[in-house]
**Q** 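Take this structure first; my questions come after.
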Amino acid sequence: MILGLPIDSFILLLGLPAIIIAVMFYYSSKIKSEKEDE
Amino acid sequence: MYLLVVVIIGVAASRFQRTEEDFWVAGRRFGLGILVIANVAAIMHGGSILSGIAFTGAFGGPATTPFLAFAGGIAVVFFWIAKKLRRSGGFTIPDYMGDRFDSMTLRAWSACVVAFSSIIYLIAQIRGMAFILESLLDIPFLWGVLLGTVIFVFYVALGGLLAIVWTNIAQFIFMWVGLLILLPPLLERIGGWTSVMTSVEVVSPGWTSLTGTGWTGLYMISWFIVWFVAYSTRIEFVTKMYAARDDRVARQSLPWTALLIILFLLYGIIYLGAAARLLVWDQIGSPDQAFPVMVQMLLSPTMAAIALTGIASAAMSTTDSLLLMSGSAIAHDLLRKCHDEPKGIVRDERYYLKVSRITIVVIGAIACLCALPDMALLLQIVSYAVAIVGSAFFFPLVFGLNVRRISSEAALASSIGGVCVTVAWIIAVLLGQTWAKGLHPIIPGLITAGTLMLVVTLRTSPVKQQALDKFF
């Protein structure tokens, strides 16, 4: 159990969405630097 | 006071409306912060709190809130839709369909789908808002419907997207304040997140599991697909990309939007849904009463009014966006782009602004009348509207923006085929056909739309290069 949730619920509810959002933030920061390079 | 604030904002915003671009996409001036708030407010509808707490309370937290689908859908917009859509410089989804596939038929069809599905969605939102106004102001449901509709029609018709976004900022603050004032009494009574999740699992076995208290694995998967498609094609959200200052701002707003929505729902639906299950479940006749009863149990009358105003804000913030969508589909897409411009009729911007406002008033009146009869759970109505939009636009948007080869015939076949199958399935469900109930209507709709897009693309020629230049 993590935060009162079974492991699989925790992964689907919080773990995977957090990874997807982190990937978007990563690419979002790259868009910024590409613009600055120009 | 809240209602007065939004009316004043509508009047103030009307001073900035001179052209269609000002009215429909607020002059494309939105920076990152404003766009994030506009995105979140457009997605967080009244049903997402009111019906959301009822839904999670009844069926379980992780099962009913598919955050993975929300994040995945927004990621599709981030990686494959936002940049090209913003660069294309249109106002609406029918603009995209008409320009990308060089087809007036597709533009007109898309405008009809947007207008129809927005009105269905609007009906659900008006009912949600009326329920809140009923408990907040202690007035009959009928007056709740009329009062709510008159106010948001007034500020949308006057101020367009600018009024919507200004009111969205006010609504965003009301929404958070309204929900957060419940936190101190809840922490005192039932404790924090872990304590609540542990207790609710004891009271209602399966509540924290992936399939909830009574869902099958298959139903859960189809629920995830519905919301994945919904978040990548929700017109009131995707259209906001047009209002960004540039394509960079449009894309950067998306991870913040996903993060804020998930944080909001973690507390606003899962924690509060579990709290409702623990505190008030034995005292309510229907799950929809869970939130108002809990508010009245935990807060003083003044604080309860603030909390309920927060939920009314959430309802209004989606309703206004939907009204603008359906208005733009008729005034901009059907009248201007499909009728006037092809016939060489030239009219000034003031004429279209006036028609846009009249259209919004008429649509508001129609939705208001349709909201009066009693009907099923709000979220079910919303999910049907989402299914129609998803089956019409998911493949033409995602593949049309990324694969040159997709032809106009393929997009038309995919969109019409998907909508027809989805609507037929919805009718079968409403008629009580048992074979239809096991599968959400969006699944057969999407399978049809995807198959038709593939088959027809292989048998037809791509759109001419001149039309593609805007997108590739």
Side-chain angles (χ1 to χ4, degrees), chain A, chain B residues 32 60-79 82-83 191-202 206-212 220 224 228 231 246-263 265-266 269-271 274:
Chain A
M1 301 282 266
I2 306 173
L3 295 173
L5 299 170
I7 304 274
D8 53 355
S9 293
F10 177 82
I11 292 171
L12 214 66
L13 187 72
L14 293 171
L16 292 174
I19 292 171
I20 293 173
I21 292 171
V23 170
M24 279 196 277
F25 270 118
Y26 171 72
Y27 281 101
S28 176
S29 67
K30 279 185 75 172
I31 303 168
K32 205 175 188 176
S33 51
E34 276 168 17
K35 184 90 180 172
E36 281 162 2
D37 287 347
E38 283 167 22
Chain B
L32 183 60
T64 51
T65 47
F67 289 164
L68 182 59
F70 299 170
I74 293 174
V76 168
V77 181
F78 178 85
F79 286 108
K83 184 176 167 185
W193 174 274
T194 307
S195 150
V196 169
M197 291 304 129
T198 311
S199 309
V200 78
E201 185 63 29
V202 174
W207 200 93
T208 59
S209 74
L210 274 184
T211 49
M220 196 199 78
F224 267 67
F228 170 73
Y231 272 71
D246 54 39
D247 60 287
R248 190 169 62 99
V249 168
R251 291 185 78 199
Q252 284 178 334
S253 72
L254 295 167
W256 287 106
T257 302
L259 185 66
L260 282 179
I261 286 170
I262 288 179
L263 286 177
L265 295 182
L266 266 178
I269 289 192
I270 301 188
Y271 179 81

**Q** Using non-hydrogen atoms only, which part of I262(B) is less than 4.5 Å away from chain A: side chain, backbone, both, or neither?
**A** side chain

**Q** For the CG atom of L3(A) and the CE atom of M197(B), what is their distance to the nearest 0.5 Å?
**A** 9.5 Å

**Q** Taking the ring of Y27(A) and the ring of F79(B), is the distance between their centroids below 6.0 Å?
**A** yes

**Q** With only heavy atoms counted, which part of I19(A) is less than 4.5 Å from chain B, the side chain, the backbone, both or neither?
**A** neither

**Q** Where do S209(B) and E201(B) come nearest, in terms of heavy atoms and distance?
**A** N-OE1, 4.4 Å

**Q** Under a 4.5 Å cutoff for heavy-atom pairs, which residue among S195(B), A71(B), A69(B), P255(B) has the most contacts with chain A?
**A** P255(B)

**Q** So what's closer than 4.5 Å to chain A heavy atoms on W207(B): side chain, backbone, both or neither?
**A** neither

**Q** Tell me which one of V76(B), T257(B), V77(B), I74(B) satisfies side-chain contact (heavy atoms from CB on, under 4.5 Å) with Y231(B).
**A** I74(B)

**Q** Is chain A contacted by the side chain of F224(B), its backbone, both, or neither, given a heavy-atom distance below 4.5 Å?
**A** side chain

**Q** Could you state the interatomic distance from OG1 (T194(B)) to CG (L5(A)), rounded to the nearest 0.5 Å?
**A** 8.0 Å

**Q** Please classify the contact of L16(A) with chain B as side chain, backbone, both or neither, using a heavy-atom distance under 4.5 Å.
**A** both

